[in-house]
There are 2 protein chains.
Amino acid sequence: MSQKTTGKLAEAIRRGEVLSPDCPSREILKHVTSLWSVLVMVALMDGTHRFSELRRKIGGVSEKMLTQTLQQLEKDGFVKRVSYPVVPPHVEYSLTTLGSGISEQVEALTDWIEINLPTIIELQQTQTQ
Amino acid sequence: MSQKTTGKLAEAIRRGEVLSPDCPSREILKHVTSLWSVLVMVALMDGTHRFSELRRKIGGVSEKMLTQTLQQLEKDGFVKRVSYPVVPPHVEYSLTTLGSGISEQVEALTDWIEINLPTIIELQQTQTQ
DNA sequence: GTAAGTACATACAAAAAGGTAAGTGTCATG
DNA sequence: CATGACACTTACCTTTTTGTATGTACTTAC
């Protein structure tokens with residue numbers, strides 16, 4: 001999708017934003033480029049989940065990390081939190097419209113990794129020789 | 001490990017790999033979901049760069065971080081390092097075929113963020129009220 | 001001859017991320 | 001009547017990441 005030979009300037013401008021340290025997109029990128037954020041988004045692409053469901057689904061995540069990640073994603077407007085004031089607490093997490101958009105990109109990345117994993121591992125081994 | 005899903009089994013299997021803590025894709029994801037890795041890949045999509053070029057291009061990166069990130073990306077087979085044994089050192093970094101593949105996914109993510117940045121910021125502010 | 005550029009390595013300190021364990025309050029189950 | 005599930009919070013500690021500063025070996029420019 002990118003043309004490298006022509007219009008290098010336009011491309012540089014388009015891309016220059018993330019590369020400059022004071023661009024607000026840097027901040028969002030910092031939040032998104034976190035293992036737990038990525039995994040939460042991938043998990044939520046299957047639909048609404050409760051806290052404990054996410055905890056069980058995302059292997060290796062601690063309660064603390066899950067709480068923090070969900071709060072961050074909520075602040076950024078990617079995740080919607082709905083709390084039902086019932087006696088055993090019931091809270092549901094789901095992706096917002098914006099969250100679905102970014103999750104699609106994130107999922108494309110994780111899918112790519114999973115698909116190309118054999119190639120990656122193979123190359124890593126030939127490299128050692 | 002144990003899948004409790006009733007209907008979406010195929011989907012769960014497809015996506016279940018990153019969600020399990022002992023899958024090797026987790027490791028790659030850890031490397032890739034790092035601010036500096038993302039920015040290096042985006043920068044290298046414009047073509048081959050020297051170390052100091054990258055340092056200047058990626059705002060806010062320290063020499064140490066750039067070195068570490070490049071070494072990690074090289075280990076994973078995403079970046080190719082070519083060193084010319086000349087008197088003022090000359091080293092060129094570029095994306096491998098594999099690196100180009102993952103960088104496209106990463107770039108799609110950063111592009112999405114930049115495009116939707118106004119919406120994100122807007123929503124963050126209405127949320128505060 | 002002093003400074004700057006090249007591409008790093010290394011040491012130390014500061015900051016951030018993450019793990020573990022416990023507490024909260026209410027209810028259902030055994 | 002004690003335990004566990006629910007959705008967290010808080011405190012404490014360890015680990016990891018990152019920043020800063022320095023050194024290296026050589027050359028060109030001023």
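No hydrogens, no waters, no symmetry mates; every other heavy atom, side chains included, goes into these values. Letters go in sequence order (proteins before strands), and every chain restarts at 1.
Just one residue in the list A/L70, A/V40, A/L44, A/V32 forms a side chain to side chain contact (heavy atoms under 4.5 Å, CB included) with A/F78, and that residue is A/V32.
Residue-level contact check: B/E92 touches neither bases nor backbone, having no heavy atom under 4.0 Å from any strand.
Here the C1' atom of nucleotide D/dT14 and the NZ atom of A/K64 are 11 Å apart, to the nearest Å. The NZ-P distance, from A/K30 to C/dA15, rounds to 14 Å in whole Å. Rounding to whole angstrom units, CD of residue A/Q72 and P of D/dC8 are separated by 16 Å. Remark: P of D/dT18 and CZ of A/R26 are 12 Å apart, rounded to the nearest angstrom. The nearest whole Å value for the distance from the CD atom in B/E63 to the P atom in C/dA9 is 11 Å. In this structure, the CD atom of A/E74 is 15 Å from the P atom of D/dA7, given to the nearest Å. Atom CD in B/Q68 sits roughly 12 Å away from atom P in C/dT10 (whole-Å rounding). The CD atom of B/E27 sits 13 Å away from the C1' atom of D/dT16 (whole-angstrom rounding).
The side chain of B/Q71 contributes no N or O atom lying less than 4.0 Å from OP1 or OP2 of C/dC8. Note on B/T67: every side-chain N or O is 4.0 Å or more away from OP1 and OP2 of C/dC8. Put simply, A/R56 has no side-chain N or O that comes within less than 4.0 Å of OP1 or OP2 on D/dA5. Phosphate proximity of D/dC8 to A/R50: absent, as no side-chain N or O sits under 4.0 Å from OP1 or OP2.
Between A/H90 and A/Y84, the ring planes are perpendicular. Angles over 60° get that label, and only those under 30° would be called parallel.
Scanning all heavy atoms of the two residues, the minimum distance from A/V61 to A/M65 falls at CG2-CB, 4.0 Å.
Taking only side-chain atoms of B/M65, from C-beta outward, the nucleotide of D/dT18, C/dG18, D/dC6 with the closest atom is D/dT18.
B/E114 places a side-chain N or O within donor-acceptor distance of the main-chain N or O of A/V18, the cut-off being under 3.5 Å.
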